[in-house]
Enquirer: 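Before I ask anything, let me first share the structure, which is written out below as structure tokens.
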Amino acid sequence: MLELEHVWKSYRIGALGSKRLTAVRDVSFQIAPGEVLSVVGESGSGKTTIGKMVLQLASVTRGTIRLDGADVTARGHRERKAYYRRVQGVFQDPFSSYNPIFKADRVLETVRESYFPRTGRGEWNEKVENSLQAVRLDPGSVLGKYPHQLSGGQLQRMLIARALLLDIEVLVADEIISMLDASTRIDVLNLLGELKERGLGVLFITHDLSLANYISERVVIMRHGAVVETGATGTVFGDPRHPYSRNLLASVPQLHRKWSDDPATPQELEPDGDRSVDPPPLTRVGEQHWVAAHP
Amino acid sequence: MALQVEDLKVHYRTTKGDVRALDGVSFSLADGEIMGLAGESGCGKTTLGKSLIRLDGRMRHVGGSAVLDDEELPIGDDRAMNARRWKEVSIIPQYSMSAMNPTRKIGKMTAELLRSRRISYRDIEDELVRRLELVGLSSKVLGNYPIELSGGMKQRMVMVLSTLLDPSLLIADEVTSALDVTNQKAVAETLVKFRDLGFVKSMIVVTHDLSLVYQIADTIMVMYAGRIVEKAPAETVIKSPRHPYTQALIGALPEVGLEYGTERLRSIPGRPPHLLDPPTGCRFRDRCPLAFEQCAEEPPAVAVADGHEVSCWKAAN
Ligand SMILES: Nc1ncnc2c1ncn2[C@@H]1O[C@H](COP(=O)(O)OP(=O)(O)O)[C@@H](O)[C@H]1O
Ligand SMILES: Nc1ncnc2c1ncn2[C@@H]1O[C@H](COP(=O)(O)OP(=O)(O)O)[C@@H](O)[C@H]1O
Ligand code: SF4
Ligand SMILES: [Mg+2]
Ligand SMILES: [Mg+2]
């Protein structure tokens, strides 16, 4: 179980870090094994920062992140390595995760070097093949290739295969399919679905509400670093209470409803305010549905 | 008729041989028409767009023609094509936002571009500012560097620039792919607004997102492996597609309301063929659930209804 409790993040910005930008404000949620939690919101709302904190790629300014009850922040190198056996991330731009001068499958080989140095070559190759098969990559057409010889979808799936080599418990997936085709998207999504059925917990970060709806039991909607609405995905999307959630849902392109059928102008939202103060509190409005106070 | 493309063939030269990225493409675009161009990546959408603008060094015009406003485009002639760019045909290229020169202020960049077209910045400045305001940008952005604008602002800026000289045809290549839903909607609706205001006459909107293009397109054309498989009014393509490939693409789309637990979306098994040596007959054959003997021959494009063309033996019968 991964838990975030009152997590805050502020970045130092400006000349010599003279100013602070609060990117994440008082965010709490949990992800149980076998559960996909989606975090949605416009760009800049703090989604990636949350993922980075979970992956220990960014420090937590305030609050706690726990894995199975143990605080995971600020630990030494050895414990960090043990942590990465259990928690891994895959990001939006697959190209940035590969070094263009090395063959793409080096990302798999480095896992062997760091975590399975005593595993024999034959056994390792079998493990690699299995994980590639699990993400529906044909080993023959991806092994030994350079990143530029592979498509974005192939690279993305190889990164998921890499995470699978480690028997992880939590996967942070940050916009992993926004650059993929509809046809390959579904493969990657269904793959997440299968992994969740096998007990993986997934933090699924996306700006695509249809994808969130398809794959996750629960959703967190963020704006300006804070949670504006959260709960069971069907409940929240079926009856969005916060004007921001309503605007987001109205912008989603769908096949059964055109934007022009519903020319309602988006509701005016409160502008960004002082981010250092506590965000509006969440109120329970249904059995599995919470919404932030709004005017 | 704004654009009439006939049996267009454009290949990439590679050391292994020609990649037949556009392999006999025919279609037409009416005045005022917004056509969505869809298909999986690698099927030739960007190549088609570029062919109508300007071939890059490795592309070769192998055959066929494109007629814009009754005049044949000199596709193989780089200089002649370049002279038409921005004024007659204009493109918002894929990844245009990251391609903006980061060291030039936007106003300066615009002036340089206009100078290359022998147009004075001063003559057009009022119109430029009017159009920026129309898309919700203040004229102050002209004094900004590209990195100072958000993704959505940059995309709107690029849209204004590429249509500033009122081209007859605009090609928008994946212009919404990198944006969040709210910005996607704003950008897509701006494209329609530009057509309605006459800044551009017709448009080809390239995307892999059928749900998005359905919102704004009059017609949708679907490509597969360098060929066109179906073109029809947008409503028809989405609600009653005839080609098995179009049907499969639509079947793979998640919609708000659909959940993994209750209904499983299906991807299209396999992947598009390599265009270095494309298969004979119907190119979708090895992925098509309906394939039968006749599919070993190439299916012709058949009009199954007014404005609805399909290249499939099953759909034509
Ligand atoms: N390394 C960083 N330094 C300073 N500010 C940052 C950094 N990373 C992100 N930010 C800022 O934090 C806010 C949230 O960003 P991010 O978490 O990337 O949001 P999202 O993923 O929802 O688009 C944004 O205002 C962004 O500019
Ligand atoms: N510079 C190039 N050299 C060789 N082949 C290319 C080049 N650019 C694209 N191709 C090939 O041409 C085909 C069509 O590509 P493209 O037009 O980019 O497709 P789309 O835009 O639909 O994704 C693909 O098979 C691609 O691999
Ligand atoms: S021509 Fe045959 S193989 Fe091709 S799409 Fe039609 S039925 Fe399928
Ligand atoms: Mg992000
Ligand atoms: Mg393309």
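Hydrogens, waters and symmetry mates play no part in the numbers below; they use all other heavy atoms, side chains included.
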Enquirer: Given 3.5 Å as the limit, does a donor-acceptor pair link the side chain of D180(B) with the main chain of H207(A), or not?
Expert: no
Enquirer: Tell me, for L212(B) versus chain A, whether the close heavy atoms (under 4.5 Å) come from the side chain, the backbone, both or neither.
Expert: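 When you check distances to chain A, atoms from both the backbone and side chain of L212(B) fall under 4.5 Å.
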Enquirer: Taking NZ in K145(A) as the centre, count heavy atoms belonging to other residues, nucleotides or ligands within less than 6.0 Å. Is the count above 12?
Expert: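 Yes, because the 6.0 Å sphere around NZ of K145(A) holds more than 12 heavy atoms from other groups.
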Enquirer: Does a side-chain heavy-atom distance below 4.5 Å link V181(B) with D208(A)?
Expert: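 Contact flag for V181(B)/D208(A) side chains = no.
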Enquirer: Which residues pass the ring-ring contact (aromatic ring centres under 6.0 Å, His included) test with F204(A), not counting sequence neighbours?
Expert: none
Enquirer: For a 4.5 angstrom cut-off between non-hydrogen side-chain atoms, does I186(A) reach P254(B)?
Expert: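 I186(A) vs P254(B): side chains touch.
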Enquirer: Take atom CD of E235(B) as the centre, draw a 6.0 Å sphere, and report whether it contains more than 12 heavy atoms from other residues, nucleotides or ligands.
Expert: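 Atom CD in E235(B) is packed in, count exceeds 12.
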Enquirer: Does NE2 belonging to H274(B) count more than 12 external heavy atoms closer than 6.0 Å?
Expert: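 Open: at most 12 neighbouring heavy atoms sit under 6.0 Å from NE2 of H274(B).
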Enquirer: Kindly check if the number of other-residue, nucleotide or ligand heavy atoms within 6.0 Å of NZ (K239(B)) is above 12?
Expert: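 Count over threshold, so yes.
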Enquirer: Identify which of G44(A), G234(A), S251(A) forms the greatest number of heavy-atom pairs closer than 4.5 Å to chain B.
Expert: S251(A)
Enquirer: Does D239(A) have more than 12 heavy atoms from other residues, nucleotides or ligands lying within 6.0 Å of its CG?
Expert: yes
Enquirer: Is the shortest side-chain heavy-atom distance between N190(A) and R264(B) below 4.5 Å?
Expert: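 The answer is yes, as the side chains (C-beta and beyond) meet within the 4.5 Å cut-off.
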Enquirer: For A212(A), which atoms come within 4.5 Å of any heavy atom of chain B: side chain, backbone, both, or neither?
Expert: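 Contact with chain B involves no heavy atom of A212(A) at all.
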Enquirer: Going by heavy atoms in the side chains, are L248(A) and T182(B) under 4.5 Å from each other?
Expert: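 SC-SC contact between L248(A) and T182(B) confirmed.
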Enquirer: Measuring heavy-atom distances to chain B, does R185(A) have an atom under 4.5 Å in its side chain, in its backbone, in both, or in neither?
Expert: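 Contact with chain B involves the side chain of R185(A) alone.
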Enquirer: Nearest 0.5 Å please: distance from the OG atom of S211(B) over to the NE2 atom of H256(A).
Expert: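 So the gap between those two atoms works out to 9.5 Å.
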Enquirer: For E217(A), which atoms come within 4.5 Å of any heavy atom of chain B: side chain, backbone, both, or neither?
Expert: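 E217(A) has no heavy atom closer than 4.5 Å to chain B.
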Enquirer: Examine distances only and state if a side-chain atom of Q215(B) and a backbone atom of P253(A) form a donor-acceptor pair shorter than 3.5 Å.
Expert: no
Enquirer: With a sphere of 6.0 Å drawn around CZ of R13(B), does it hold more than 12 non-hydrogen atoms of other residues, nucleotides or ligands?
Expert: no
Enquirer: Between I250(B), L265(B), D209(B), who has the most heavy-atom pairs with chain A when the cutoff is under 4.5 Å?
Expert: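 Sorted descending by pairs with chain A, the first entry is L265(B).
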Enquirer: Quick check for you: among P269(B), A248(B), A188(B), A252(B), which has the greatest number of heavy-atom pairs under 4.5 Å with chain A?
Expert: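 The candidate making the most pairs under 4.5 Å is A252(B).
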